[in-house]
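Scroll down for the structure; my scribbles are underneath it.
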Amino acid sequence: MTVLVTGGAGYIGAHTVRALRSSGRKVVVLDTLERGNREAVIDAELIVGDVADQGLVAKICGDKGVSSVIHFAAYKAVGESMLEPEKYWNNNVASTEKMLDVLTEQRVDKFVFSSSAAVYGTPLSMPVTESDPTKPESVYAETKLAVEKLLGAFSQNTDCRLRSVSLRYFNAAGASKDNRIGEDWSSSQNLVPQVMRALLDKDFKLEIFGNDYPTPDGTGVRDYIHVEDLAVAHVKALDYLESGGETLVCNIGTGSGTSVMQVIDLAEKISRKKVPYRIAARRAGDPISVFADARLAEKKLGWKAARGLPEIIESAYEWHRTHPNGYRRGN
Ligand code: UD1
């Protein structure tokens, strides 16, 4: 009874591997290491390879006794997805389908998928619920929604009915409490790593993408979820499938919104430093405000965020302060 974690050397994947190990499960990680880090895989076997390699996936399933899969392996840069769409369709969707074919043959019937709140596009009302319309605004988001739909189709397969949970993450941030895993500001353009860079890299100034939004302080509002809470959500999703749960699509957020300026204020308080910033133009495609209705996850998975923005900022600050070069040498 082993859990195969694809992309387990990535930011969210690596945190999830540890949460699975803490829950007593056996774990094997499959990751190309194209964008993941070997050092992030703690206390689990790492196999370097691609989910599209059907022979390899079949062998792992057979050799390791895989009974469920948590699938993170994918590209996730929104901007890049618009410039190189084919690369995204190939890696995120075609490769996933190849793997799903093998899993069906191997009778692996439980699957947790790393989806995104990006599938909603610019939501019409707030908070966003799972039954709200999906309207992806990037190729990245299209590929996430396509896999959700693919999973719906595989759940109809009469040979091996795959049951899945697609977790639509809101804004993952923070680092592990013991400071062993975190993000790299050079490869993530998301707000929290960029705020940390502004605090710690004297040559860098944060750009705030617009302060004239119709929000209380004029800056964009998002739902920041601690990466360790996110990791626990995957364990809960697996518990749910193991106890017979049916295919489900579920938001994973805290349910409350935080503005860019609030993130900066807290980062200044925690670090006791000023965040150098300048107000820049709005970023194309940025919605004004997005936060989750997180009630379904609580009802179906028994999951609720346990950590708030202070834990996110404290852990991120500690990680970036001690790992200014991410996992690379020279820290
Ligand atoms: C991004 C992804 C989304 C993904 C989500 C969760 C984009 C366009 N969207 O969402 O697909 O599901 O992360 O990880 O990349 N901001 C600044 N300055 C910065 C960076 C961000 O002002 O340097 C602002 C943004 O305008 C936004 C907020 O901070 O209001 C959060 O931005 P970001 O962390 O990039 O996440 P999202 O765009 O919400």
Side-chain angles (χ1 to χ4, degrees), residues 7 10-13 15 35 72 74-83 88 92 113-123 126-128 134-145 147-148 166-174 183-199 201 204-227 229-230 233 251-254 257-267 275-292 309 312-313 316 320:
Y11 170 54
I12 303 171
H15 282 91
R35 297 185 182 187
F72 293 98
Y75 293 143
K76 62 171 187 179
V78 173
E80 182 187 57
S81 79
M82 304 308 280
L83 298 172
Y88 273 69
N92 294 9
F113 174 56
S114 163
S115 188
S116 169
V119 299
Y120 296 114
T122 301
M126 219 47 66
V128 196
T134 51
K135 200 172 163 296
E137 288 170 6
S138 66
V139 172
Y140 161 75
E142 292 271 15
T143 65
K144 289 291 167 184
L145 188 59
V147 172
E148 286 189 9
S166 293
L167 300 176
R168 291 179 175 168
Y169 314 151
F170 284 68
N171 293 60
E183 263 184 303
D184 186 347
W185 67 44
S186 64
S187 59
S188 169
Q189 298 308 308
N190 291 129
L191 180 66
V192 172
Q194 294 308 309
V195 168
M196 296 302 144
R197 183 168 180 194
L199 282 171
D201 174 352
F204 181 78
K205 197 180 248 188
L206 179 77
E207 290 190 328
I208 297 180
F209 300 139
N211 68 347
D212 56 353
Y213 284 108
T215 60
D217 63 23
T219 61
V221 169
R222 297 290 184 275
D223 187 339
Y224 296 92
I225 167 92
H226 196 295
V227 67
D229 278 336
L230 199 48
N251 286 343
I252 298 294
T254 65
T258 304
S259 73
V260 173
M261 218 54 229
Q262 286 173 315
V263 170
I264 293 173
D265 286 347
L266 193 57
V275 174
Y277 66 80
R278 73 174 191 90
I279 307 297
R282 291 183 181 192
R283 183 170 65 180
D286 261 356
I288 302 164
S289 171
V290 187
F291 54 95
L309 197 63
I312 291 177
I313 303 292
H320 287 286

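Note that ligands are numbered from 1 as they come in the structure, with each ligand's atoms numbered from 1 the same way. Because the structure is a prediction, the values reported are computed rather than measured. Residues take their numbers from the sequence shown, with the count starting at 1.
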Do [X] and [Y] have side chains that approach each other closer than 4.5 Å (heavy atoms only, starting at C-beta)?
X: V119; Y: R168; answer: yes
X: V195; Y: V263; answer: yes
X: D217; Y: S259; answer: yes

What protein heavy atom is closest to [atom], reported as residue, atom name and distance in Å?
atom: atom 32 (O) of ligand 1; value: R283 NH2, 3.5 Å
atom: atom 39 (O) of ligand 1; value: R222 NE, 2.6 Å
atom: atom 19 (C) of ligand 1; value: F209 CE1, 3.3 Å
atom: atom 1 (C) of ligand 1; value: N190 ND2, 3.5 Å
atom: atom 31 (C) of ligand 1; value: Y224 OH, 3.4 Å
atom: atom 34 (O) of ligand 1; value: L191 N, 2.7 Å
atom: atom 4 (C) of ligand 1; value: S116 OG, 4.0 Å

Got an N/O contact under 3.5 Å between [X] and ligand 1?
X: V260; result: no
X: N171; result: yes
X: Y169; result: no
X: D286; result: yes

Nearest-0.5 Å distance, CG of residue L199 to CD of residue Q194: 11.5 Å
Nearest-0.5 Å distance, OH of residue Y277 to CD of residue E207: 13.5 Å
Report the part of [X] in contact with ligand 1, treating N, CA, C, O as backbone and CB onward as side chain, heavy atoms under 4.0 Å; options are side chain, backbone, both, neither.
X: L206; answer: side chain
X: K76; answer: neither
X: V78; answer: side chain

Do you see a donor-acceptor pair shorter than 3.5 Å between the side chains of [X] and [Y]?
X: N251; Y: Y120; result: yes
X: Y169; Y: S114; result: yes
X: E148; Y: S166; result: no

Atoms of ligand 1, numbered as shown, that sit under 4.0 Å from any heavy atom of [X]:
X: E207; value: 17 (C), 18 (N), 19 (C), 22 (O), 23 (O)
X: G220; value: 30 (O)
X: Q189; value: 20 (C)
X: I208; value: 22 (O)
X: Y140; value: 11 (O)

Cation-pi geometry met for R197 and F204 (6.0 Å, 45°): yes
Residue-ligand contact Y120/ligand 1, heavy atom below 4.0 Å: no
Ligand 1 contact by F170, heavy-atom criterion under 4.0 angstrom: yes
Under 3.5 Å: donor-acceptor pair, side chain of N211, backbone of G218: no
D184/R35 salt bridge by N-O under 4.0 Å criterion: no
Partner residues of N190 under the side chain to side chain contact (heavy atoms under 4.5 Å, CB included) criterion, sequence neighbours left out: E183, S188, P193
ring-ring contact (aromatic ring centres under 6.0 Å, His included) involving Y75 - partner list, sequence neighbours excluded: Y88
